[in-house]
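Working notes, structure below.
Protein chains get the first letters and strands the later ones, always in sequence-line order, with residue 1 at the start of each.
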2 protein chains.
Amino acid sequence: MKIGDAAKQSGVPAKTIRYYESVGLIEAATRQDNGYRDYSETDVHTLRFISRARGLGFTVKDVAMLLALYRDSSRASADVKAVAARHVDRIDEKIAELQSMRQTLLHLIDRCHGDDRPDCPILADLAGARVSA
Amino acid sequence: MKIGDAAKQSGVPAKTIRYYESVGLIEAATRQDNGYRDYSETDVHTLRFISRARGLGFTVKDVAMLLALYRDSSRASADVKAVAARHVDRIDEKIAELQSMRQTLLHLIDRCHGDDRPDCPILADLAGARVSA
DNA sequence: CTTGATCTTCCAGTGACTGGAAGCCCTATA
DNA sequence: TATAGGGCTTCCAGTCACTGGAAGATCAAG
């Protein structure tokens, strides 16, 4: 099948499929006589695998590793678990960082009148003033 | 003062200061006779403002807006508040997204033996199998 | 036969830096 | 005075994961 159909069936945009090929995440597709890329059901399956993994926030590098493990029938599940666990750690860090920002922002927003007056604790804080807890 | 000192005093790397200048977030610094960029205390203050805002996750575009508001003594605090509130919304979305990923991952990890056997629900899920709740 | 959709390649832009090369400037020390 | 080092300058490239767009070939339908 052509790239457009593979895109529809996998949910991965044609542009992105070509991109994945260019960075080596998927193998270069075979070509039809007219030069168009040709995809199989297996390829679509792989693309869906990639799409799900990316949806869970795995980096393309991680996805390459997961794909390799997926294809290695003699893999140890511990290796997969390790990749996932590392990823959860990164997510936890990110969440903590965002929540800290959020808290500070809400604190400042709460103290800001939000009217026509120029007086604003948000700007004051950014300018270096310590705002009371 | 030279860029290295401005960097030390503001916490913004010299490289990043030049970058901010290149994208117009800060004005082009005046130059000393030898061509070196020259910074004032006010410039350092601005860099610290930027550094704090970036630390709260504001985009450079948002920071540009906040700086403009900061300098506009006739600003309405409502405008500042709006920028901050929009930002909190973005953060909330991001947190929700990450927490959803996290939950799915933890669920899968929990079900993975993590031993030498190849059997792995994480890969099974990525491959399209529905994992029991 | 033409129209429009889809395919091809290649280049550029996103956001916010960061690294590195090549070369100038300044200061301190042998 | 020569030199060694550090910091300064510019510019280009790389990061990450795409995404947009241009120019041109191909194909299916009317």
In whole Å, I'd like the distance from the [atom1] atom of [X] to the [atom2] atom of [N].
X	N	atom1	atom2	answer
A:K61	D:dC18	NZ	P	14 Å
B:M1	C:dC26	CE	P	19 Å
A:R90	D:dC16	CZ	P	12 Å
B:I3	C:dT18	CD1	C1'	14 Å
B:I50	C:dC17	CD1	C1'	14 Å

For this session: Evaluate the side chain to side chain donor-acceptor pair (under 3.5 Å) criterion for residues B:D43 and B:S40: first the C-alpha distance (whole Å), next the side-chain angles of each, then the deciding distance (0.1 Å), finally the verdict.
Result: CA-CA 5 Å; B:D43 294 328; B:S40 66; 3.2 Å; yes
Problem set entry | 5' priority, DNA chain D, between A:F58 and B:Y39 [closest heavy atom] |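 This one resolves to B:Y39.
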For this session: Check the pair B:D89 / B:K94 against salt bridge (Lys or Arg N to Asp or Glu O under 4.0 Å), numbers first and verdict last.
Result: CA-CA 9 Å; B:D89 285 347; B:K94 194 81 199 161; over 6 Å; no
For this session: May I ask you to list the residues of residues 5-38 of chain A, by number, that have any heavy atom positioned under 4.0 Å from an atom of DNA chain C?
Result: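 By residue number: A:R18, A:R31, A:G35, A:Y36, A:R37.
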Exercise. Are B:D119 and B:R111 within salt-bridge range, i.e. N to O under 4.0 Å?
Worked result: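 Looking at B:R111 together with B:D119, the answer is no, because their closest N to O distance does not fall below 4.0 Å.
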Problem set entry | Side-chain ion pair, B:R102 and A:D92, N-O less than 4.0 Å |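 So B:R102 pairs with A:D92 through a salt bridge.
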Exercise. Between A:S77 (side chain) and B:C120 (backbone), is there a donor-acceptor pair under 3.5 Å?
Worked result: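 Judged by distance alone, no pair lies under 3.5 Å.
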Exercise. A:L126 versus B:L56: any side-chain heavy-atom pair under 4.5 Å?
Worked result: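 Yes. Closest side-chain heavy atoms under 4.5 Å.
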